[in-house]
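Owing to the predicted nature of the structure, the values given are computational and were not obtained by experimental measurement. Here is how names work: the chains are called A, B, and so on, in the same order as the sequence lines, proteins then strands, and each is numbered from 1.
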Amino acid sequence: MYHILEKTIQAAFRAKVRSQFQSDLDIAIEQPRQASFGDLALPIAFQLARALKQNPKKIAADLVEAVGPIPGVAAMEIAGNGYINVRFDRGLFGASLLGVPAPAIAAGDEKIIVEHTNINPNKAAHIGHLRNAVLGDTFVRMLRAAGNRVEVQNYIDNTGVQVADVVVGFHFLEHKTPADVAALIASERFDYLCWDLYARTSQYYKDNPEALKWRAETLHSIEAGTGDLSELGHLVADAIVKAHLKTMLRLNIEYDVLPRESEILHLKFWAAAFELLKERQAIYFETEGKNSGCWVMPSSAFRGTDEANEDSKVIVRSNGTVTYVGKDIAYQLWKFGLLGKDFHYEPHTTYADGHQVWVSTAEPQTLAAPKFGGGSTVYNVIDTRQSYLQDVVVAGLKALGYEKQAEQSIHFSYEMVALSPRCCADLGIELSEEDARRPYVEVSGRKGLGVKADDLMDQLIETALREVASRHAEDTEAQQRTIATEIAMGALRYFLLKFTRNTVIAFDFQEALSFEGETGPYVQYAAVRARNILRKLTERGEQVPDFSKELNAEAMARELGSEDSWQILLAASKVESAVERAIASGEPAHVARYAFQLAQTFNNFYHQYPILIEPDRAKKVFLLWMTSFFAQQLERTLAVLGIAAPAYM
RNA sequence: GGGCGCGUAGCUCAGUUGGAUAGAGCAUCAGCCUUCUAAGCUGAGGGUCGCAGGUUCGAGUCCUGCCGCGCCUACCA
């Protein structure tokens, strides 16, 4: 309702501003500094004052006069130097909230693609990967809540250097056959085993640089798709992808399709993209300098105009193999449906609710898969450290003449998760003198330095379980564990979401393991309390009233005449606005913050109004309605954040 | 050297795209469990928004220059 009013007011003012002042200014909507000023504020008169060289106060007055009455709006006042403060019709507002929430308006049949997770399939996931997946997954939930059609892709780089290095470890360092590795996959914690092996192999290269020839040999074999090394590569990558999907599922993160790099190669996606790039002269063959013999993209394509000593970017190496960026350009073209090629697919994993993940294959399959790719907007959730490479990919689209798609190709970047000095101490990591002076230490897969995702989740669950067990000793351990898991995952998702995207998270166990203050469990607790009141009511033999029968605009107006009740309700009815703003700013953190404020408001309400013992029947019905409205709004917001609302806490 | 980002309370961070009196959480201190769960609530103290200029009715937010920190700047991803 708040959302609809906002839109109505915006539209009314936009129309008048256009007809009266010939201006296409965006109608900004703010929250007044003080609640007593009104429910909404429009600073539009200030913006117009500049262009018109007129007194903002007069402009505001003229506008309000011209716009006239708006349904749902009780009053508009001019305040300060020219603010237009809007007051809603409280009775109408409350009454309109009595039904079930209207489903989001479908935003046409255009498809938005969100690519996230994209972890190299050669070792266990760590906390940095979790930030990527949780940001991506939450953004997907936000877009879907706003009525968009969204496809979730998780790109699998199963032919890259990192997989090759683990294969080198198994084959050359440990002399394992594919059968040996298959046995390990069946019997061991394989992703953890690879975590250590990858670090060991990296160290081995450092000590024995000549061993790098093994990497080259392995990469060659994987690319050709033949021999033991290639078989090992597939074994490792497939097993690790399964492990990653399992890890992410613990956080309620699911995917629609897994496009794999092996198919980008075998189905000649790159060959097609290469032809396009050459034909439209987006790249050229370098004949001199250090990049001699390579196909390169000139730096002018992806950098500003001053190309003083900037290097061009190698797309095809002098040995004829394509770099990651080249493959990514081909992949990006496919995402927009511009490549003229498609993958084949087979089922990969089926989630509990029947949702099917598909994986790309090189061969045609009998089972019909949905149509993937061909999006109108593409969000690539990728670490900010890869900004340079992402710029090159977008420049590739532009150089091919796909201006519009280049614009709709969005690098949804985020800063890294690093380790706080205290965290390093907790993990028993010894820091160099140089590192010890830094505010945080970068995670490194090569060094095996980091916090594994599953370890962190296990630790969170154990911490939550102790708390749940002490509060609900009467429950079975299985029940306690279910609740503890929901709380732990809520805490983790919230922790990763509460920071805005370009803030470096210096990971710290003490902060991450906290369940108090601005945390996921705080929000969950509020939702549980709201449900508890309604449950207690029926336990006492009373019935939850039929609110739409017992409350009407008149009753609402009476109850909401209290400034306090009105402010509480107003705060609770802004879920859609909060989600929409967060989408516009690209910040899932804004939804997290709204969830926290919502919970805070409810806790205030909870302490201020004893509900079950309220003697006045009419008042009690209203308070119960507020409670159920809060429960609904809290659960909806938690759902957008991918956080469960536990049955009890 | 160049590119991108950051600098706001003791600590960790928000700040609705330039608006009304700069906000949260943690920590500290003082209160609140015989009332719907205290993973909660109420209150207090705590600020030269890195520094210096500029733009204007108005700047934490925009522009310039400094200072400090981080990341990127591979024929790795």
Side-chain angles (χ1 to χ4, degrees), chain A residues 26 28-34 37 41 43 46-47 49-50 56 79-83 118 120 157 160-162 165 215 290-291 293-296 303-304 306 308-311 313-319 321 323-325 327-328 382-389 391 413 415-416 418 420 438-440 442 446 464 467-468 471 487 491 498-500 502-506 508 510-511 514-519 521-522 524-526 528-530 532-537 540 577-578 581-582 584-585 587 589-590 593 596-597 600 603-604 606-614 623 627 648-649:
Chain A
D26 243 15
I29 288 194
E30 292 172 2
Q31 266 190 77
R33 178 127 214 96
Q34 279 178 38
F37 291 164
F46 295 112
Q47 291 160 268
R50 172 166 312 209
N81 301 323
Y83 274 100
N118 306 2
N120 270 304
D157 182 5
V161 175
Q162 295 213 16
D165 284 347
R215 176 195 273 176
K290 62 172 188 165
N291 292 334
C294 299
W295 285 89
V296 302
R303 283 277 164 88
D306 56 322
N309 52 358
E310 310 251 347
D311 284 337
K313 175 66 195 168
V314 172
I315 306 296
V316 180
R317 304 183 184 101
S318 53
N319 67 5
T321 59
T323 60
Y324 167 79
V325 179
K327 285 179 274 195
D328 208 12
I382 304 177
D383 194 326
T384 187
R385 286 171 290 191
Q386 295 195 41
S387 295
Y388 164 71
L389 296 178
D391 287 349
S413 70
E415 267 290 355
M416 62 181 165
S420 72
R438 295 173 195 271
Y440 45 77
E442 202 172 345
R446 285 185 187 284
E467 196 67 34
V468 173
R471 288 160 191 253
I487 294 168
K498 71 195 265 193
F499 301 93
T500 49
N502 51 13
T503 297
V504 177
I505 300 180
D508 187 290
Q510 196 171 310
E511 271 180 64
S514 165
F515 297 152
E516 289 165 21
E518 197 192 337
T519 65
Y522 177 94
Q524 290 174 313
Y525 191 62
V528 166
R529 282 176 141 182
N532 262 352
I533 294 175
L534 300 171
R535 189 171 47 78
K536 273 274 160 65
L537 183 80
R540 292 179 173 206
S577 289
R581 275 178 211 272
S585 62
E587 286 289 5
H590 294 343
R593 185 155 282 265
F596 176 64
Q597 285 167 349
Q600 256 185 335
N603 277 331
N604 273 313
Y606 180 92
H607 279 272
Q608 207 172 329
Y609 299 95
I611 297 164
L612 295 180
I613 56 165
E614 170 61 47
L623 291 175
T627 305
Y648 63 82
M649 277 179 80

Contacts under 3.5 Å, N or O only, protein and nucleotides 57-61 of chain B:
residue, atom, partner, partner atom, Å
G58(B), O6, R50(A), NH2, 2.6

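- For the pair K313(A) and Y388(A), the minimum side-chain heavy-atom distance is below 4.5 Å.
- Using C1' as the reference atom, C57(B) and A20(B) are 14 Å apart when rounded to the nearest Å.
- R535(A) and N532(A) are linked by a side-chain donor-acceptor pair at a separation below 3.5 angstrom, with hydrogens and angles left out of the test.
- Comparing the C1' positions of U61(B) and A14(B) gives a spacing of 13 Å, expressed to the nearest Å.
- When the nucleotides C69(B), C71(B), A77(B) are ranked by their closest atom to the side chain of T323(A), A77(B) comes out on top.
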### Query
When you look at R593(A) and E518(A), which way does the side-chain contact (heavy atoms from CB on, under 4.5 Å) test go after all the steps?
CA-CA 8 Å; R593(A) 185 155 282 265; E518(A) 197 192 337; 3.6 Å; yes
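- Residue N291(A) places at least one side-chain N or O closer than 4.0 Å to OP1 or OP2 of C75(B).
- The residue R446(A) sits close to a base: some heavy atom pair falls under 4.0 Å.
- Contact annotation: N604(A) does not reach the phosphate of G40(B) (side-chain N/O to OP1 or OP2, under 4.0 Å).
- In this pair, Y388(A) does not lay its aromatic ring on the base of G3(B); centres under 5.5 Å and planes under 30 degrees do not both hold.
- Taking only side-chain atoms of R438(A), from C-beta outward, the nucleotide of A39(B), G25(B), G70(B) with the closest atom is G70(B).
- Checking C69(B), C75(B), U17(B) against the side-chain heavy atoms of S585(A) singles out U17(B) as nearest.
- In terms of position on RNA chain B, the residue among Q47(A) and N319(A) whose nearest nucleotide sits closer to the 5' end is Q47(A).
- Residues R446(A) and D165(A) meet the side-chain proximity criterion, which asks for heavy atoms closer than 4.5 Å.
- Taking 4.5 Å as the limit, every side-chain heavy atom of E511(A) sits out of range of all side-chain heavy atoms of I505(A).
- Among the atoms of the strands shown, none is found under 4.0 Å from any heavy atom of D508(A).
- Shown here are the side-chain hydrogen bond (donor to acceptor under 3.5 Å, both in side chains) partners of Y522(A), two or more places apart in sequence or in another chain: N603(A).
- Across all strands shown, L537(A) has no heavy atoms under 4.0 Å from either base or sugar-phosphate atoms.
- For F37(A), there are no ring pair (Phe, Tyr, Trp, His ring centres under 6.0 Å) partners, not counting sequence neighbours.
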### Message
Strictly under 4.0 angstrom, non-hydrogen atoms only: write out the protein contact profile of nucleotides 4-16 of chain B, one letter per nucleotide from the 5' end, B, S or -.
### Response
-SS-----SSSSB
Under 3.5 Å, which protein N or O atoms sit close to an N or O of nucleotides 33-37 of chain B? Give each pair with its distance.
residue, atom, partner, partner atom, Å
C36(B), O3', K536(A), NZ, 3.3
C36(B), O2, I611(A), N, 3.4
C36(B), O2, L612(A), N, 3.3
C36(B), N3, Y609(A), O, 3.4
C36(B), N3, I611(A), N, 3.3
C36(B), N4, Y606(A), O, 2.0
C36(B), N4, Y609(A), O, 2.9
U37(B), OP2, K536(A), NZ, 2.7
U37(B), O2', Y525(A), OH, 2.2
U37(B), N3, M649(A), O, 2.6
U37(B), O4, M649(A), N, 2.8
U37(B), O4, M649(A), O, 2.8

### Query
Where does RNA chain B pair, written as one dot-bracket string 5' to 3', with Watson-Crick or G-U pairs under 3.5 Å, ( ) inside the strand, [ ] for crossing pairs and | for another strand?
(((((((..((((.....[...)))).(((((.......))))).....(((((..]....))))))))))))....
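- As judged by a 4.0 angstrom heavy-atom cut-off over every strand, Q600(A) is placed among residues touching the sugar-phosphate backbone only.
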